[in-house]
Novice: 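Got a structure for you, questions after.
Indexing begins at 1, ligand by ligand and atom by atom, following the structure's order. Note that these values count all heavy atoms, side chains included, but never hydrogens, waters or copies made by symmetry.
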Amino acid sequence: MNDYALEIKNLKVIFPNEAGIVRAVEGVNLNLQKGECVALVGESGCGKSVTSLASMNLLTSPPAIVRAEDIRLCGESILGLPDKKMQAIRGKRISMIFQDALSSLNPVMTVGKQIDEIFKRHSKIKRSEARRKSIELLKLVGVPDAETRYKAFPHELSGGMRQRVLIAMAFACEPEVIIADEPTTALDVTIQAQVLEVLKNMCRMKSTALLLITHDLSVVANMADRVYVMYSGKIVEAAETYPLFTNPLHPYTKGLMASVAGIDDEAGSTFVQIPDTLPNPMRKPQGCYFNPRCKYATEKCKEAMPPLKTLDNGRQIRCWLCAENSN
Ligand SMILES: Nc1ncnc2c1ncn2[C@@H]1O[C@H](COP(=O)(O)OP(=O)(O)O)[C@@H](O)[C@H]1O
Ligand SMILES: [Mg+2]
């Protein structure tokens, strides 16, 4: 028995359309240990949200076609569970927090009632008890004057307060896993930091595993224990946060780092100078998907996709130029 809260094994998602096939996720393996905070980073459109939605069985099919070897929650397979069973798991054992609190919250119901509802949906509990627990949660996530805010409607709260309410809702049933998809992208930088701090503290306090999805590498530095870097539907690098930041190995990760820090180092400047964004998901380049943007690319890189190699220290990298891969 391993100690994984969530395991995603060989997940593939495609969206067929008249013009061709969008290969959004191409064989992603990702896991979270119990209580661990793991970040999934990469540019917009690389497949982060589709990875999380597909693993929670939240993609509409058609158009999505989802295949996986397995998806396991605390060792139990949840792949292909009927909708009813999945619904019971979502919110209770796995919660999701999205970027846009206004569209995640019901505009005509007070925030307090919305938290109460989660308690009531997943356990037999009296109304007064639900209310007490909701207010306690609002206090925990740092909502000042929680009794009054309990009675507020979503539009009466600031963006940061609404995001705290979503965090409270996500923790209501003390789930084993929380998936937060760009949870603070819509907020000002200072508020972002405060909300992330709340999320981190709540996860620590409740020993909840967190999958933090973001396009912004700077967000993960203080949050994550480990990071997966995704490019065009594939994981290209995975490492613990400190080694990843101090010694990024993949040219794409180096570029991401440099663009965050505003550093004009070799790899970074190449990456930043090339205006090209992600490859067209219907016409990905031959070989390594990053090769057209990579200044180190060789003939081999243009011909064949490198495998995701696990190094002796446990880091993973998908690059022909990595010493272990090149011979
Ligand atoms: N419902 C959909 N139908 C068709 N293509 C989609 C759909 N949802 C996402 N995609 C495509 O899948 C790819 C990955 O998207 P997404 O996971 O949302 O990226 P991000 O990393 O920004 O979260 C993109 O090319 C996107 O256009
Ligand atoms: Mg997304």
Novice: For Tyr150, does the six-membered ring have the charged nitrogen or CZ of Arg131 within the cation-pi criterion, i.e. under 6.0 angstrom from the centroid and within 45° of the normal?
Specialist: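 Yes, a cation-pi geometry.
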
Novice: Are any of the protein's heavy atoms under 4.0 angstrom from atom 27 (O) of ligand 1, yes or no?
Specialist: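 It does not: no protein heavy atom is found less than 4.0 Å away from atom 27 (O) of ligand 1.
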
Novice: Give the residue and atom name of whichever protein heavy atom lies nearest to atom 18 (O) of ligand 1, and the separation in Å to one decimal.
Specialist: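 Protein heavy atom at minimum distance: Ser49 CB, 3.8 Å.
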
Novice: If the plane angle is over 60° it's perpendicular, under 30° parallel, otherwise tilted; pick one for His155 and Phe153.
Specialist: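 Because their plane-to-plane angle is under 30°, the rings of His155 and Phe153 count as parallel.
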
Novice: Is atom 6 (C) of ligand 1 near the protein, in the sense that some protein heavy atom lies at less than 4.0 Å from it?
Specialist: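 Given the 4.0 Å cut-off, atom 6 (C) of ligand 1 counts as touching protein heavy atoms.
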
Novice: Can you list the ligand 1 atoms lying under 4.0 Å from a non-hydrogen atom of Ala24?
Specialist: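 Those qualifying, in numeric order: 12 (O), 13 (C).
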
Novice: Are the side chain of Arg72 and the backbone of Glu7 linked by a donor-acceptor contact shorter than 3.5 Å?
Specialist: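 No, the answer is negative, given that no donor and acceptor are paired below the 3.5 Å cut-off.
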
Novice: Short list, please: which atoms of ligand 1 are under 4.0 Å from a heavy atom of Pro281?
Specialist: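 This gives 25 (O) as the contact atoms.
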
Novice: Assess the residue pair Lys139 and Glu147 against the criterion (salt bridge (Lys or Arg N to Asp or Glu O under 4.0 Å)); give the C-alpha distance rounded to whole Å, side-chain angles, the decisive distance to 0.1 Å, and a yes or no.
Specialist: CA-CA 9 Å; Lys139 286 183 182 160; Glu147 282 88 357; 3.4 Å; yes

Novice: Between Lys85 and Glu76, is a salt bridge (Lys or Arg N to Asp or Glu O under 4.0 Å) present by the stated rule, with each step listed?
Specialist: CA-CA 13 Å; Lys85 288 210 163 148; Glu76 282 168 53; over 6 Å; no

Novice: Between Phe15 and ligand 1, does any nitrogen or oxygen pair lie at a separation below 3.5 Å?
Specialist: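 No, since none of the N or O atoms of Phe15 sits under 3.5 Å from an N or O of ligand 1.
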
Novice: Just do the salt bridge (Lys or Arg N to Asp or Glu O under 4.0 Å) check on Glu117 and Lys113 with the steps written out, would you?
Specialist: CA-CA 6 Å; Glu117 285 297 315; Lys113 279 265 161 354; over 6 Å; no

Novice: Which option, Leu53, Val50, Thr51, Val13, owns the non-hydrogen atom nearest atom 15 (O) of ligand 1?
Specialist: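 Selected option, by shortest heavy-atom distance: Val50.
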
Novice: Go through it in stages, so that I can follow the logic: the residues are Met205 and Leu140, the test is side chain to side chain contact (heavy atoms under 4.5 Å, CB included), and I'd like the CA-CA distance, side-chain angles, deciding distance and then a yes or no.
Specialist: CA-CA 10 Å; Met205 198 180 348; Leu140 267 184; 3.8 Å; yes

Novice: With a 4.0 Å cut-off on heavy atoms, is Ser44 in contact with ligand 1?
Specialist: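 Heavy atoms of Ser44 do come under 4.0 Å of ligand 1.
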
Novice: Quick check on the Mg ion (ligand 2): does Ser49 put an N/O/S atom closer than 2.8 Å to it?
Specialist: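 Ser49 does place an N, O or S atom closer than 2.8 Å to the Mg ion (ligand 2).
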
Novice: Could you name the option among Ser52, Pro62, Gly45 that has the heavy atom nearest to atom 19 (O) of ligand 1?
Specialist: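 When every heavy atom of Ser52, Pro62, Gly45 is considered, Gly45 comes closest to atom 19 (O) of ligand 1.
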
